[in-house]
J.: 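After the structure tokens below, expect a handful of questions from me.
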2 protein chains.
Amino acid sequence: MSSQNIPTRDRILKSTWQLLEAGNGSAVRMSDIAKAAKISRQALYLHFPNRADLLTATTRYLDEVHDIDAKLAKSRSAASGTQRLEIWVETWGNYIPTIFGVAKALMAMQETDEEAAAAWNDRICAIRDGCEKAVQALKADGALTDSMSEEEATDMLLTILSVRNWEQLRIDCNWTQARYIDMMQQLTAKALVKS
Amino acid sequence: MSSQNIPTRDRILKSTWQLLEAGNGSAVRMSDIAKAAKISRQALYLHFPNRADLLTATTRYLDEVHDIDAKLAKSRSAASGTQRLEIWVETWGNYIPTIFGVAKALMAMQETDEEAAAAWNDRICAIRDGCEKAVQALKADGALTDSMSEEEATDMLLTILSVRNWEQLRIDCNWTQARYIDMMQQLTAKALVKS
DNA sequence: GGTGCGATTGACACGATGTCAACTTGACAC
DNA sequence: GTGTCAAGTTGACATCGTGTCAATCGCACC
């Protein structure tokens with residue numbers, strides 16, 4: 001963590017991201033990352049104890065580089081609950097492509113690696129928080145459907161906006177990003193807003 | 001053991017299913033399956049050339065045992081498009097728990113194994129077909145929303161009804177199976193039926 | 001000239017899949 | 001009985017990716 005080795009560390013994180021981005025999260029090995037960062041495979045372990053840690057650090061690096069907090073501030077200033085939901089869907093939905101590669105790699109590791117599971121779960125909690133806030137804003141406006149509790153509505157929103165769903169629509173079904181955002185805004189409104 | 005008489009191949013498939021079912025699809029090795037089927041690990045390879053083939057054969061075995069075709073016939077006799085959608089969501093949604101273990105293992109392999117990807121894709125096509133038929137029934141009734149094409153509606157339905165979404169709601173969020181079915185019937189109706 | 005740090009090379013353990021060769025066992029035919 | 005075939009067994013081994021370890025190197029800094 002010392003400030004001296006930032007260049008190398010940054011180079012590693014950047015390379016990791018680029019490789020995962022390019023390969024759509026599939027089969028990126030530690031040796032590939034090392035090669036891309038122009039260091040030896042072993043040197044990777046001088047900076048990150050294991051693959052899970054490297055991937056987690058990469059998500060944090062991306063959050064930092066893209067200043068995700070600033071973008072989220074936008075949804076906080078929404079005039080109504082429905083507007084807040086709309087902005088939240090758009091903001092998160094447009095951030096997914098950026099983190100997709102890393103997210104996929106982390107999700108794949110989740111099955112076997114305890115640490116990776118915890119790391120990814122941590123990220124999910126942050127997103128769930130955004131979903132919860134949107135649901136609360138709807139509730140405050142009296143606009144939340146009465147077929148669900150606040151918690152269920154949050155579960156539902158989080159599920160609809162999952163990375164896997166984005167992957168399926170955007171990549172498997174070949175939707176455009178704009179179409180994805182549009183349809184998700186419509187779907188979440190239909191699902192959560194009282195008619 | 002009552003399983004003593006069952007032919008080896010069937011014993012393997014049954015053991016595979018039981019292990020994947022119990023372990024929620026996580027970390028079931030070839031050696032575990034062999035042990036459960038009371039044969040040597042190497043003998044597994046006398047029946048199935050590799051892990052992907054074994055998993056695929058297991059899904060077919062499950063389809064056969066549960067006579068999934070008969071269950072699907074039910075939705076074909078629905079009176080209206082909306083009813084057909086409702087029955088389709090219920091039928092498929094209630095089949096997911098059965099195949100979940102195998103599905104998850106197959107999905108995990110998909111990333112690295114070409115054959116596993118093809119096998120799982122094959123299964124998805126069958127499910128997509130069910131979704132498409134439901135959408136067509138809605139269209140025929142003039143009940144399909146006009147915010148989407150038939151193809152997009154099919155993509156959307158397939159995505160909403162994904163195994164991953166079931167996992168998230170049923171397992172991660174701890175919803176009951178009945179609640180899952182109920183909410184998915186509501187959500188798919190809101191998403192696809194013209195209001 | 002040391003000291004310490006980042007990095008390198010090379011070797012190795014581990015766990016999982018998949019392969020191979022040689023041997024055993026039981027059923028059945030002749 | 002003997003021969004044969006199929007199915008199963010044991011044990012060894014290749015491969016691949018992660019993670020570890022030891023020895024060494026080069027360089028900036030004091």
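All values reported here derive from a predicted model rather than from experimental measurement. A note on names: the letters A, B, ... follow the listed sequences, proteins ahead of strands, and every chain is numbered from 1.
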J.: For B:R9 and D:dA6, what is the distance between atoms CZ and C1' respectively, to the nearest whole Å?
T.: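 After rounding, the gap between these two atoms is 16 Å.
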J.: Within a strict 4.5 Å, meaning less than it, do heavy atoms of the A:S147 and B:K190 side chains meet?
T.: yes
J.: Looking only at the side chain of A:Y45 (C-beta and beyond, no hydrogens), which of the listed nucleotides D:dT18, D:dT10, C:dT8 gets closest?
T.: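 Shortest atom-to-atom distance from the side chain points to D:dT18.
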J.: Could you tell me the separation between the CG atom of A:L44 and the C1' atom of D:dT20, rounded to a whole number of Å?
T.: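 Distance check: A:L44 CG to D:dT20 C1' gives 14 Å.
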J.: Using a cut-off of strictly less than 4.0 Å between a heavy atom of the residue and any atom of DNA chain D, enumerate the qualifying residues of residues 100-108 of chain A by number.
T.: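 DNA chain D contact set from residues 100-108 of chain A: none.
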J.: Regarding A:R123 and A:D63, does a basic nitrogen lie under 4.0 Å from an acidic carboxylate oxygen?
T.: yes
J.: Give none if C:dT19 has no partner; otherwise give the nucleotide forming a Watson-Crick or G-U wobble pair with it, both distances under 3.5 Å.
T.: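 Matched C:dT19 with D:dA12 under the 3.5 Å cut-off.
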J.: Would you say A:L13 and A:F48 make side-chain contact, with heavy atoms under 4.5 Å?
T.: yes
J.: Could you check whether B:R60 pairs with B:D122 (Lys NZ or Arg NE/NH1/NH2 to Asp/Glu carboxylate O, under 4.0 Å)?
T.: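 Counted as a salt bridge, because a side-chain N and a carboxylate O are separated by less than 4.0 Å.
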J.: Taking atom C1' of C:dT17 as reference, at what distance in whole Å does atom CG of B:D32 sit?
T.: 13 Å
J.: If you group Ile, Leu, Val, Met, Phe, Trp and Tyr by side-chain heavy-atom gaps below 4.5 Å, do B:I171 and B:M107 land in one group?
T.: yes
J.: Taking CG from B:N50 and P from C:dA16, how many angstroms apart are they, rounded to a whole number?
T.: 18 Å
J.: Is any NZ, NE, NH1 or NH2 atom of the basic residue among B:D10 and B:K14 found under 4.0 Å from an Asp or Glu carboxylate oxygen of the other?
T.: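 Looking at B:K14 together with B:D10, the answer is no, because their closest N to O distance does not fall below 4.0 Å.
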J.: Are A:I99 and A:L19 connected in a single hydrophobic cluster, I mean Ile/Leu/Val/Met/Phe/Trp/Tyr linked by side-chain heavy atoms less than 4.5 Å apart?
T.: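 Yes, A:L19 and A:I99 fall within the same hydrophobic cluster.
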J.: Between C:dT9 atom C1' and A:L46 atom CG, what is the distance in whole Å?
T.: 13 Å
J.: If I take atom CG in residue B:L54 and atom C1' in nucleotide C:dA16, what distance separates them, rounded to the nearest angstrom?
T.: 15 Å
J.: Report all interatomic pairs (protein N or O, nucleotide N or O of nucleotides 25-29 of chain D) with separations under 3.5 Å.
T.:
none

J.: What's the spacing between A:W92 CH2 and A:K71 NZ if we round to 0.5 Å?
T.: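 Atom-to-atom, A:W92:CH2 and A:K71:NZ are 12.0 Å apart.
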J.: Check the distance between C:dG18's C1' and B:D53's CG and give it to me in whole angstrom.
T.: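 My rounded result for the distance is 13 Å.
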J.: With the sugar-phosphate defined as primed atoms, P, OP1 and OP2, and the base as all remaining atoms, what B/S/- string results for nucleotides 11-17 of chain D, 5' to 3', for protein heavy atoms under 4.0 Å?
T.: BB----S
J.: Taking the side chain as C-beta and beyond, is there a heavy-atom pair between B:M148 and A:Q186 under 4.5 Å?
T.: no
J.: Would you mind reading off the distance between A:E111 atom CD and C:dA16 atom P, rounded to a whole angstrom?
T.: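 Atom CD in A:E111 sits about 16 Å away from atom P in C:dA16.
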J.: From A:I33 CD1 over to A:S15 OG, what is the distance, rounded to the nearest 0.5 angstrom?
T.: 8.5 Å
J.: Could you tell me how the ring of B:F100 sits relative to the ring of B:W166: parallel (under 30°), tilted (30 to 60°) or perpendicular (over 60°)?
T.: tilted
J.: With a 4.0 Å cutoff (strictly under), does any side-chain N or O of A:H47 reach OP1 or OP2 of C:dA7?
T.: yes
J.: Answer with base, sugar-phosphate or nothing: what part of the nucleic acid does A:I39 contact at a heavy-atom distance below 4.0 Å?
T.: sugar-phosphate
J.: Between B:N165 and B:S162, is any pair of side-chain heavy atoms under 4.5 Å apart?
T.: yes
J.: OP1 or OP2 of C:dA7 versus the side-chain N and O atoms of A:T8: is any pair under 4.0 Å?
T.: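 It does, given that an N or O in the side chain of A:T8 lies less than 4.0 Å from OP1 or OP2 of C:dA7.
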